There are 2 protein chains.
Amino acid sequence: MTIRKISLIGSGRVATQLGIHFRETNKTIVQVYSRTFDAARQLARLTGAEPVDDLEKLSADTDLYLIAVVDDAIETIAKNLKTHGKPVVHTSGSVSMDVLRNSGPRYGVFYPLQTFSKTKDISFKQIPICIEGACMETEILLKELAEELSGDVRIISSGQRVLIHIAAVFANNFTNFNYMISQEILEKAGVSFDILLPLIDETTNKIHHSPPCLTQTGPAARGDDNVISKHLNMLLDQPEKRDIYQHLSQYILTHFSNQQKK
Amino acid sequence: MTIRKISLIGSGRVATQLGIHFRETNKTIVQVYSRTFDAARQLARLTGAEPVDDLEKLSADTDLYLIAVVDDAIETIAKNLKTHGKPVVHTSGSVSMDVLRNSGPRYGVFYPLQTFSKTKDISFKQIPICIEGACMETEILLKELAEELSGDVRIISSGQRVLIHIAAVFANNFTNFNYMISQEILEKAGVSFDILLPLIDETTNKIHHSPPCLTQTGPAARGDDNVISKHLNMLLDQPEKRDIYQHLSQYILTHFSNQQKK
């Protein structure tokens with residue numbers, strides 16, 4: 001069996017990007033469900049699908065129900081979704097596969113590890129897709145589907161997946177928050193954010209070649225208390241950033257002084 | 001006047017990269033000073049210079065003394081350095097230009113904003129170089145020198161420079177620390193770090209096109225307490241990471257809920 005027809009449940013960033021890219025690999029997007037008809041219609045238009053705003057209107061004529069909604073809504077959707085014996089997956093990093101266990105025999109997870117926008121196009125070829133299937137047959141089916149999108153498909157358990165998601169929160173969300181703080185500090189100095197781009201690019205570039213524990217530099221890693229104090233003084237008028245600076249520096253100091261003791 | 005001959009004081013990462021790249025723009029590296037002769041000799045060999053381990057041995061036959069040592073050592077070096085009326089600069093992000101005020105009439109700062117390795121070669125063309133001169137003449141001299149290395153030369157005051165350095169600590173050091181934490185979490189899950197590289201690349205890529213305040217995503221930015229609780233539970237056996245996760249999520253939550261109120 002091969003998946004040719006897909007029903008999308010959800011119309012957010014993940015549903016949009018998956019819908020567009022499935023379509024490019026010649027899948028048929030049968031229907032797009034969203035709670036609001038307008039949202040469904042928007043993505044349906046992009047993917048040549050039929051928009052619906054009622055789970056009852058989802059047709060049995062499909063090869064896969066793909067649930068790409070916010071985590072909190074997955075369980076309710078699963079409870080109300082009739083799968084007609086067809087496979088069903090969700091796309092969340094942190095929700096266990098088991099939430100779908102009452103949705104028929106073939107269920108699983110299809111988690112693309114990337115940060116998506118609705119409009120910014122992105123190549124799927126490099127995106128790791130984490131697959132989990134309730135049975136071997138489903139796992140193979142999902143793996144084949146994922147391999148049509150990406151060259152990096154991995155079988156990942158629910159336990160591993162949530163840890164991957166946590167790691168992604170550090171690597172993406174917390175990192176972006178650092179960039180945001182940087183920008184605000186630069187604004188105060190009357191300097192534009194682009195001055196940091198070559199440094200940020202090189203920071204990213206380095207970890208392609210060395211593990212991040214070997215590329216750590218800066219005042220905290222070398223235990224330079226004078227610079228840390230000077231920076232904390234400069235941040236007295238920005239207490240929130242000062243707190244973060246102090247906390248993170250302390251963690252780095254501890255981490256690297258422990259390492260030296262080893 | 002143009003700078004043709006440079007004396008390097010220091011043999012670390014910044015001195016090494018500047019020495020190599022000055023040499024590529026046909027400057028003569030006259031001498032390399034380091035406290036240890038071996039360190040001086042190593043960089044001297046790379047740059048065709050004479051190694052010295054005594055400040056007294058630094059020749060007057062130069063156009064610039066360039067101090068690239070750890071922040072704490074700059075003041076002592078400056079006190080003991082005879083500049084023979086020649087210009088002198090340091091390369092630090094966080095040390096005021098004034099530390100050189102007793103080193104003769106022409107002093108300034110030459111701060112390349114990048115993270116350097118001793119061995120990894122890097123193109124200087126894109127690296128922002130922050131210039132500050134005690135007088136207009138010195139500033140012009142340094143600007144011309146910097147423009148031979150880089151296409152991005154900026155006149156930056158000491159007050160701005162330390163804020164830029166703080167912003168760089170967030171954008172580079174704290175970001176790399178996030179990557180390190182990610183790697184440790186993935187190790188626990190038995191998943192290799194490379195699974196995060198496409199996400200990290202896209203996180204970096206996004207801020208080339210949008211300001212980071214518009215690219216913030218993730219559980220904290222959308223106020224998803226359930227996911228945050230689940231992640232904190234998963235990190236119970238790693239209290240240090242759990243603390244950081246909690247702190248940063250709280251800051252993001254506060255930041256974005258304040259924003260929504262505005």
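The analysis underlying the following values was restricted to heavy atoms, covering all of them including side chains, and did not include hydrogens, waters or symmetry mates. Naming convention: chains lettered A, B, ... in sequence-line order (proteins, then strands); numbering from 1 in each chain. Computed from a predicted model, the values in this text were never measured in an experiment.
- Top candidate by heavy-atom pairs under 4.5 Å with chain A, chosen from B:I244, B:I185, B:I181, is B:I244.
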Query raised in the report: Does the salt bridge (charged side-chain N to carboxylate O under 4.0 Å, His left out) test come out yes or no for B:D72 and A:K230, once each step is laid out?
Result: CA-CA 12 Å; B:D72 288 352; A:K230 189 179 289 184; over 6 Å; no
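- Of the N and O atoms on the side chains of A:H208 and B:D201, at least one donor lies less than 3.5 Å from an acceptor on the other residue.
- Only the side chain of B:D224 comes within less than 4.5 Å of a heavy atom in chain A; its backbone stays farther off.
- Judged purely by distance below 3.5 Å, without hydrogens or angles, the side chains of B:E132 and B:S158 pair a donor atom with an acceptor atom.
- If you measure heavy-atom distances from B:R161 to chain A, you find no contacts under 4.5 Å at all.
- For B:I122, the part lying under 4.5 angstrom from a heavy atom of chain A is the side chain only.
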Report task. List the steps and the verdict of ring pair (Phe, Tyr, Trp, His ring centres under 6.0 Å) for B:F174 and A:Y245. Result -> CA-CA 9 Å; B:F174 293 166; A:Y245 187 103; 5.4 Å; yes
Query raised in the report: Stepwise, does the side chain to side chain contact (heavy atoms under 4.5 Å, CB included) test hold for B:I77 with B:I74?
Result: CA-CA 5 Å; B:I77 295 267; B:I74 297 174; 5.8 Å; no
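- If you measure heavy-atom distances from B:S157 to chain A, you find no contacts under 4.5 Å at all.
- Checking A:S150 against A:K125 by side-chain atom types alone, no donor-acceptor pair falls below 3.5 Å.
- Looking only at distances, no side-chain donor or acceptor of A:N178 sits under 3.5 Å from a matching main-chain atom of B:A171.
- Comparing B:Q183, B:Q114, B:K241, B:Q160 by heavy-atom pairs within less than 4.5 Å of chain A, the highest count is held by B:Q114.
- Between A:F124 and A:H21, the ring planes lie tilted relative to each other; the angle falls in the 30° to 60° range.
- Between the side chain of A:Q216 and the main chain of B:N173, a donor-acceptor pair closer than 3.5 Å is present.
- When the candidates A:V70, A:D71, A:N172, A:V227 are compared by the number of heavy-atom contacts under 4.5 Å with chain B, A:N172 comes out ahead.
- Top candidate by heavy-atom pairs under 4.5 Å with chain A, chosen from B:D194, B:L197, B:I200, is B:L197.
- Of the residues considered (B:N226, B:D152, B:V95), B:N226 shows the highest number of contacts with chain A, using heavy-atom pairs under 4.5 Å.
- Listed options A:L248, A:I166, A:V169, A:I164 were ranked by heavy-atom pairs under 4.5 angstrom with chain B; first place goes to A:I166.
- With chain B as the partner, the residue from A:L113, A:L163, A:L186, A:T175 showing the most heavy-atom pairs under 4.5 Å is A:T175.
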Query raised in the report: Is there a salt bridge (charged side-chain N to carboxylate O under 4.0 Å, His left out) between A:E147 and A:K143 once you walk through the steps?
Result: CA-CA 6 Å; A:E147 282 168 350; A:K143 192 161 178 281; 3.0 Å; yes
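- Contacts between A:S249 and chain B at a heavy-atom distance below 4.5 Å involve backbone atoms as well as side-chain atoms.
- At a 4.5 Å heavy-atom cutoff, the contact between B:D243 and chain A is made by backbone and side-chain atoms alike.
- The existence of a salt bridge linking B:D237 and B:R242 is excluded, since no basic side-chain nitrogen approaches an acidic carboxylate oxygen closer than 4.0 Å.
- With chain B as partner, the option from A:I207, A:I156, A:L196, A:V191 having the largest number of non-hydrogen pairs under 4.5 angstrom is A:I207.
- No other option in B:H209, B:H247, B:M234 has as many heavy-atom pairs under 4.5 Å with chain A as B:H247.
- Contact of B:F193 with chain A is made through the side chain alone, with heavy-atom distances under 4.5 Å.
- Across A:R154, A:K188, A:Q126, the residue that shares the most heavy-atom pairs under 4.5 angstrom with chain B is A:R154.
- Between chain A and the residues B:L199, B:T215, B:T203, the largest count of heavy-atom pairs under 4.5 Å involves B:L199.
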